[in-house]
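Before any comments, here is the structure.
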Amino acid sequence: MIRKYVYGEPFETEAVVVSIPSETAKPEFGTITTEGGFCYTYHLADKDRVYGLGENVRGINKRGFEYISNCTDQSKHMEDTKSLYGAHNFLVIDGKETFGLFFDYPSKMTFDVAYRTKDHLVVTADKADLALYVITGENPLDIIKQFRKVIGRSYIPPKFAFGYGQSRWGYKTKEDFRKIVKEHRTKNVPLDMIYMDIDYMEDYKDFTLNQEEFSDFEEFVAEMKEQKIHLVPIIDAGVKIEKGYDVYEEGIEKGYFCKKEDGKEFIATVWPGETHFPDFLNPKAREWFGDKYKILLDMGIDGFWNDMNEPAIFHTPEGLERAKKVMEEFIEDPNKQMWFMTMHQLGQLSNNPQDYSNFYHEVNGKKVCHAQVHNLFGYNMTRAAGEAFERIRPEERVLMFSRSSYVGMHRYGGIWMGDNLSWWSHLLMNLKMLPSLNMVGILYTGADLGGFGADTSRDLLLRWLALGVFTPLMRNHSALGTREQEFYQFEDSKDFASVISVRYRLVPYLYSEYMKAALNDDMLFKPLAFVYPEDEIAVETEDQMMLGNEVMITPIYTQNAEGRMVYLPENMMFVKFLADGTIHQERMEKGIHYIKVALNEVPLFIRENKCIPVGEKAEYIDAVNDNNLTLIGYEGAEYLLYSDDGIHKNYDTKENYRTLK
Ligand code: MIG
C-alpha cells in the first residue's frame, strides 16, 4: 500500500510515474513539522534497522550516521563523506514497525539516521515543499517492490554491456586502443568494451572528435567492431563556449542554456574551459541535446557514459571574484587571522553552493533556481539521452550510464559508483552499495575495478575483478597519473584471464537474473537480511550478498588474505572456479566456515536444492552460447533461464524463458 502526502508546492520531479491521489490525513508513522522548513521525525526502537539511501558510504543498515542528498563531484569517498553523486531519498525502516519512505524533494535533504540522538530518524529540508510517499507491506522486499513499481521499470542495457570493459583516463590515440585489444586477444583475456575518456574529443567539446586522431572515426569504430569491441565514449555536462562550435551556437540561439538572474548565460569552468550548462529540465533543451548523441550513434557507437553532471564546477567568474576579494583583504592586513575561515569558505572555488544559487532553469515557462532542483540535473541529462535513444533507435538498446542520478533516472540508464580509490576498504564499500542502489531501481551498476584514484596493486585488482565478475557493469577504470592497471601491466597475465573468464561463464546466469530483476521490479543484489530475516547472524552480515535467487557471493576484500570466514545461513554448495578451468563443488553445512580462495579463483555459494547454469569460456559476449550450458549445484534442481537476443526490446514474451534440468 502506497500513500502520498503533499506539503506546500512540490516540484514535479517525475520520479514517480504512476498517479497516486494524495491523502488528507497525517501519515501513520512519524511526525512532521513544516514551519521554517520540513522536518520528519520517527522514533526508532532499539532493534529497528534502516535500509536505503542508494549511493552512500557505510553499511547496508544506515543507522548511526548522517547522510545528505546533495549531488556532489566527490573524489574522496571517506567514511564521513555525507554526499556522493546521487540523491536517493528512499528508506525502509524494518523492525517494530516496517514501512518505507520516499521523500520526493529535488534539493538538499539531510537524513540523520539515529546520529544526533541515538533513537531518532530525522529528515530535514530547507523548504516544506515536497511529496512524501509512505509504503507499507509484508517485509522490506515487498515494500521495495511496490516502490519500484511506481517509479517505473529499470533500464535494460544491450547484452554486450555484460562483458568486460577496459578504461583509463588518458587513452588518446588509435594506437592506445589497438594495443588494449591486442593484449587482451593475444593473452585470451575476454573483452567487449573499451571506454573513451575525455581525450577523444577536440578540446573536450561534446560530440566532437579529435581530428588528428579520429578524422575517420567511423572506420575506426568498424575496425573495433570487427574485433568485437564496442567503443564507449564519455559525454560531459558542460558545453564549451567557442564561436563556431555548433552545439554552443545552437544552444545560445535557442536559449537552451541555464541563465543567471540577469538573463545572461551562466558560465562555469570545467574541462573544456568556460562552458554553459544545457537546461536539462526544459524538455525542449533535453530533446535538442539528446539528438546530439545521434552524431556518434550514426558512426556506429552504441554506448555512452555521462560525466560531470552533478553538475561539477571547477570555478566560475563570480567565484574567482569572491576569492580575489578575500585574498586582497587578507594581503592588505595580514593580521586579520579571522579572515582565514572566510577565505576558506568564500575561496572554495569548486562546487560552491553560492554558484548553484546563481543560475536558473526554465520549467513550464517559469524560472526555477538551480539550487532548488540541484539533484535533478544529472538525472535529466541522462534522461535527455534515454529519450533520444527511444526516438532515434526505438528498436535497439543503447548502453548508457551516468555519474549523477536521482530516483527516476534508473529508467534511462545505470550509474557507475564514481571516483573510488585503490583502497581495500573501497572494495568492501562498493559491495555494500549494491543492494542500496538496487532498492531505487539502479540495477546496471558497478565500481571502477582496481580503484580510480591512487595506485592499485596486483592483488587488489585481482580481488576487485573477482567481485566485478558479479556486477552488471564490469569495468577496470583508473585516473590519469595513477599506476597503470590494465591486466598486462602485471606479472602472470594468466591469473587475470582465469578470473575474467569466469564472468563469461556466468553471463547466462547473471543476465538471466538481471532481466528477471528488471522485469519484476526485484533486486539483483539482496542483503542476507532480506532472505533470512529470522537468522540473527545473517541479518547482520554485510560482507556477503545474495545475487539473484540462487547464489550468495563472498568476495575477499583484505590484503594478503588466502581466504575468508563465511557464514552460511543454510546448507549450501561451495563453488570455486579454479585457474585450470575446472569447477570445485563441495557441500557445506549451515554455519561458519573458513574458505580458501587463491588470487586467480572466484568463489560463490549456491543455495540448497538450487542450481545455476554455466557456459563455456568465451572471449566476448557474442560468443557466449546459451544452448551449451551445464548446471552446477544440487542434483535434480531446475533453473528457469531467461534468454533473448540481447539487442532488441521484446522482453515480455514467454519464448524468452526455458527450464533447464
Ligand atoms: O574531473 O573524464 O568520474 O571517471 O575518468 C574528472 C575524466 C573527470 C571524472 C570521472 C572519471 C573520469 C574523469 N572525470
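Only heavy atoms go into these numbers, but all of them, side chains included; no hydrogens, no water, no symmetry mates.
The ring-ring contact (aromatic ring centres under 6.0 Å, His included) test with F304 singles out one residue from F207, F389, Y200, Y412, and that residue is F389. Applying the ring-ring contact (aromatic ring centres under 6.0 Å, His included) test between Y256 and each of W288, F277, F289 identifies W288 as the sole match. Only one option out of R397, K159, K649 pairs with D644 in a salt bridge (Lys or Arg N to Asp or Glu O under 4.0 Å); it is R397.
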Could you walk me through whether N430 and N420 satisfy the side chain to side chain donor-acceptor pair (under 3.5 Å) test, starting with their C-alpha distance in whole Å, then the side-chain angles of each, then the deciding distance to 0.1 Å, before giving a yes or no? CA-CA 9 Å; N430 290 154; N420 60 9; 3.1 Å; yes
Evaluation steps, side chain to side chain donor-acceptor pair (under 3.5 Å), between Y195 and D197: CA-CA 6 Å; Y195 290 84; D197 208 317; over 6 Å; no
Check against side-chain contact (heavy atoms from CB on, under 4.5 Å), N309 and Y85: CA-CA 9 Å; N309 51 2; Y85 314 86; over 6 Å; no
Residues T456, R483; criterion side chain to side chain donor-acceptor pair (under 3.5 Å); working and verdict: CA-CA 7 Å; T456 201; R483 182 181 187 182; over 6 Å; no
V239 vs Y245, test: side-chain contact (heavy atoms from CB on, under 4.5 Å). Steps then yes/no. CA-CA 9 Å; V239 171; Y245 167 38; 3.7 Å; yes
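D652 and R153 are joined by a salt bridge, as a carboxylate oxygen and a charged side-chain nitrogen come within less than 4.0 angstrom of each other. Here E310 pairs with R403 in a salt bridge; the nearest charged N to carboxylate O distance falls below 4.0 Å. No salt bridge links E213 with K172; every basic N to acidic carboxylate O contact stays at or beyond 4.0 Å. For the pair D302 and K225, the salt-bridge criterion is met [side-chain N within less than 4.0 Å of a carboxylate O]. Between D521 and K516 there is no salt bridge, since no side-chain N of the basic residue sits under 4.0 Å from a carboxylate O of the acidic one. Ion pairing of K76 with D419 is absent here, as no side-chain N (NZ or NE/NH1/NH2) approaches a carboxylate O to less than 4.0 Å. Between K187 and E183 there is a salt bridge, with a side-chain nitrogen of the basic residue lying less than 4.0 Å from a carboxylate oxygen of the acidic one. Look at E486 and K179 and you find no salt bridge, because none of the NZ, NE, NH1 or NH2 atoms lies under 4.0 Å from a carboxylate O. Remark: R383 engages E387 in a salt bridge, criterion side-chain N to carboxylate O under 4.0 Å.
Minimum heavy-atom separation, S405 to H88: OG-NE2, 2.8 Å. Closest of all the heavy-atom pairs between L524 and P472 is CD2-CG, 3.6 Å. Looking at every heavy atom in both residues, R168 comes nearest to S478 through NH1-OG, 2.7 Å.
In the model, D192 has no side-chain atom that pairs as donor or acceptor with a side-chain atom of Y620 under 3.5 Å. There is no side-chain donor-acceptor pair under 3.5 Å between Y293 and D291.
In this pair, F257 and H276 present their aromatic rings tilted. The plane angle is within the 30 to 60° band.
Annotation: K294, atom NZ; neighbour count of heavy atoms from other residues, nucleotides and ligands within 6.0 Å does not exceed 12.
In this structure, the side chains of V150 and V17 stay at 4.5 Å or more apart for every pair of heavy atoms.
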